[in-house]
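Read the structure below first, then the notes.
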Amino acid sequence: MQTRILGSSLPVSALGLGCMGMSEFYGTTDEAEAISVIHRAIDLGCTFLDTADMYGPFTNEELVGKAIAGRREQVVLATKFGNERRPDGSRVGVNGRPDYVRAACDASLQRLGVDQIDLYYQHRVDTTVPIEETVGAMAELVGAGKVRFLGMSEAAPETLRRGFATHPITALQTEYSLWTRDPEDDGVLATCREHGVGFVAYSPLGRGFLTGQIRTIDDLEPGDFRRQHPRFQGENFQRNLDLVDKVNEIAAEKGATPGQLALAWLLARGDDIVPIPGTKRLRYLEENLGALDVRLDDDDLRRIDEVAPVGATSGERYADMSTVHR
């Protein structure tokens, strides 16, 4: 497995594993299979695991904790706080208050069954609390030995700069893929590089759309939250499918699956970028890791840019964009 360095000193596998869908959002779940996926990922060297307290809610951290029991030293464990939810799943809102930061960390440590979190993210920015106060509380967790490195998610460039001035930020996590190239255009990726912050790309497969496996909305289960996403609805769906079909043609020429091409493209954007594709199926895990063997030359990258340029995707990333890039 290839490795990359987040920030200046956190080595991780070049591809991570997003665990969210193992517990919620993407239709039916199977805990036993999910744990098998995590075990297989570790066996194959994919050791950068991503979860959050709000996934489930709470149950995804418990699942990951079960999966890494006895194998803690083999993984780099990342989790998040800030999207506050109640046990019944209802949403409270974004919370960045220092007292909440401390309580959320303690709760995550307990659910994960570990003494220390390797990378602790603020999941969303609370604009009612100065970022210096939130990151200051996170820094206290580092001083207490509960957290090794700090991260932010969906933070705007100026917010990242202010957070970094309070305590070094090792990684920024934001959606980035062939159909979400916003970080190239809004200053986020440039700001990360300005400060030596690693970039963790979530939803690198466009929530599964870029795999070519989703051809109609009925390919998604009735309870799948992607049905609520603007990009999966109405005319947006067909326009985005046309884009994916063009990407598929290039993938076929390279002897790769569309998903592998999408991941290889991200990996080629810079050594500071670490995609974390999520899956709850063993066959998709192994397919995703095959992206590490796909080589793209300058001509390949030029052609991909032509068929999937910045802004080509139809529809917003979320129905409510109020909590991203703040």
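All heavy atoms count here, side chains included; hydrogens, waters and symmetry mates do not.
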Could you check Glu184 against Arg269 for salt bridge (charged side-chain N to carboxylate O under 4.0 Å, His left out), going step by step and ending with a plain yes or no?
CA-CA 10 Å; Glu184 300 172 30; Arg269 303 302 289 176; 3.2 Å; yes
Going by atom types only, do [X] and [Y] share a side-chain donor-acceptor pair under 3.5 Å?
X: Gln74; Y: Thr47; answer: no
X: Asp53; Y: Ser108; answer: no
X: Asp242; Y: Gln238; answer: yes
X: Glu221; Y: Thr28; answer: yes
X: Arg231; Y: Thr180; answer: yes

Any side-chain heavy-atom pair from [X] and [Y] closer than 4.5 angstrom?
X: Arg227; Y: Asp218; result: yes
X: Arg207; Y: Phe232; result: yes
X: Gln173; Y: Lys80; result: yes
X: Ile276; Y: Leu17; result: no
X: Leu150; Y: Thr170; result: no
X: Val294; Y: Leu292; result: no
X: Leu189; Y: Arg193; result: yes
X: Leu296; Y: Ile304; result: yes

Interatomic distance, [X] atom [atom1] to [Y] atom [atom2] [nearest 0.5 angstrom]:
X: Leu172; Y: Cys192; atom1: CG; atom2: SG; answer: 4.0 Å
X: Glu286; Y: Thr279; atom1: CD; atom2: OG1; answer: 10.5 Å
X: Arg215; Y: Leu241; atom1: CZ; atom2: CG; answer: 4.0 Å
X: Met138; Y: Thr166; atom1: CE; atom2: OG1; answer: 10.5 Å
X: Glu31; Y: Asn60; atom1: CD; atom2: CG; answer: 10.0 Å
X: Phe225; Y: Glu24; atom1: CZ; atom2: CD; answer: 9.0 Å

So, [X] and [Y], do they make that salt bridge, N to O below 4.0 Å?
X: Arg317; Y: Glu154; value: yes
X: Asp126; Y: Arg326; value: no
X: Glu287; Y: Arg283; value: no
X: Asp224; Y: Arg226; value: yes
X: Asp272; Y: Arg4; value: no
X: Arg97; Y: Glu133; value: no

Please list all pairs passing the ring-ring contact (aromatic ring centres under 6.0 Å, His included) test where one or both residues lie in residues 236-272, with sequence neighbours left out.
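Residue pairs with at least one partner in residues 236-272: Tyr176-Trp265, Phe209-Phe237.
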Mind listing the closest non-hydrogen atom pair of Gly163 and Ile131 along with its distance?
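Looking at all heavy atoms of both residues, the closest pair is N-CG2, 4.1 Å.
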Measure across Asn236 and Pro230 and return the closest heavy-atom pair with its distance rounded to 0.1 Å.
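Shortest heavy-atom separation between Asn236 and Pro230 comes out as ND2-O, 2.9 Å.
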Shared ILVMFWY cluster between Val244 and Val310, side chains joined below 4.5 angstrom?
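Looking at the clustering, Val310 is in a separate group from Val244.
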Given ring pair (Phe, Tyr, Trp, His ring centres under 6.0 Å), test Phe149 with Tyr120 step by step and report yes or no.
CA-CA 6 Å; Phe149 298 96; Tyr120 198 44; over 10 Å; no
Hey, can you tell me if Phe164 and His195 have their rings parallel, tilted or perpendicular (30° and 60° cut-offs)?
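The rings of Phe164 and His195 sit tilted, inter-plane angle from 30° to 60°.
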Using the ring of each side chain (for Trp, its six-membered ring), is His123 parallel, tilted or perpendicular to Tyr55, with breaks at 30° and 60°?
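His123 and Tyr55: perpendicular rings.
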Check salt bridge (Lys or Arg N to Asp or Glu O under 4.0 Å) between Asp115 and all other residues, then give those that pass, not counting sequence neighbours.
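Not a single residue meets the salt bridge (Lys or Arg N to Asp or Glu O under 4.0 Å) criterion with Asp115.
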Of all residues at least two apart in sequence or in a different chain, which pass the salt bridge (Lys or Arg N to Asp or Glu O under 4.0 Å) check with Asp185?
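So Asp185 forms no salt bridge (Lys or Arg N to Asp or Glu O under 4.0 Å) with any residue.
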Donor-acceptor contacts under 3.5 Å from residues 32-39 side chains, at least two apart:
unit_1, atom_1, unit_2, atom_2, d
Glu33, OE1, Arg281, NH1, 3.2
Ser36, OG, Ala32, O, 3.1
His39, NE2, Ala67, O, 2.9

Apply the hydrophobic cluster definition, ILVMFWY joined by side-chain contacts under 4.5 Å directly or through others, and give me every member besides Val129.
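Listed partners: none, Val129 stands alone.
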Between Leu112 and Leu77, is the side-chain contact (heavy atoms from CB on, under 4.5 Å) condition met? List the steps.
CA-CA 9 Å; Leu112 290 163; Leu77 183 60; 3.9 Å; yes
Main chain of Ser314, side chain of Asn240: is a donor-acceptor contact present, judged purely on distance under 3.5 Å?
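Yes; at least one donor-acceptor contact below 3.5 Å.
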Under the side chain to side chain contact (heavy atoms under 4.5 Å, CB included) test, which residues partner Pro57, sequence neighbours left out?
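Side chain to side chain contact (heavy atoms under 4.5 Å, CB included) check on Pro57 returns Arg85.
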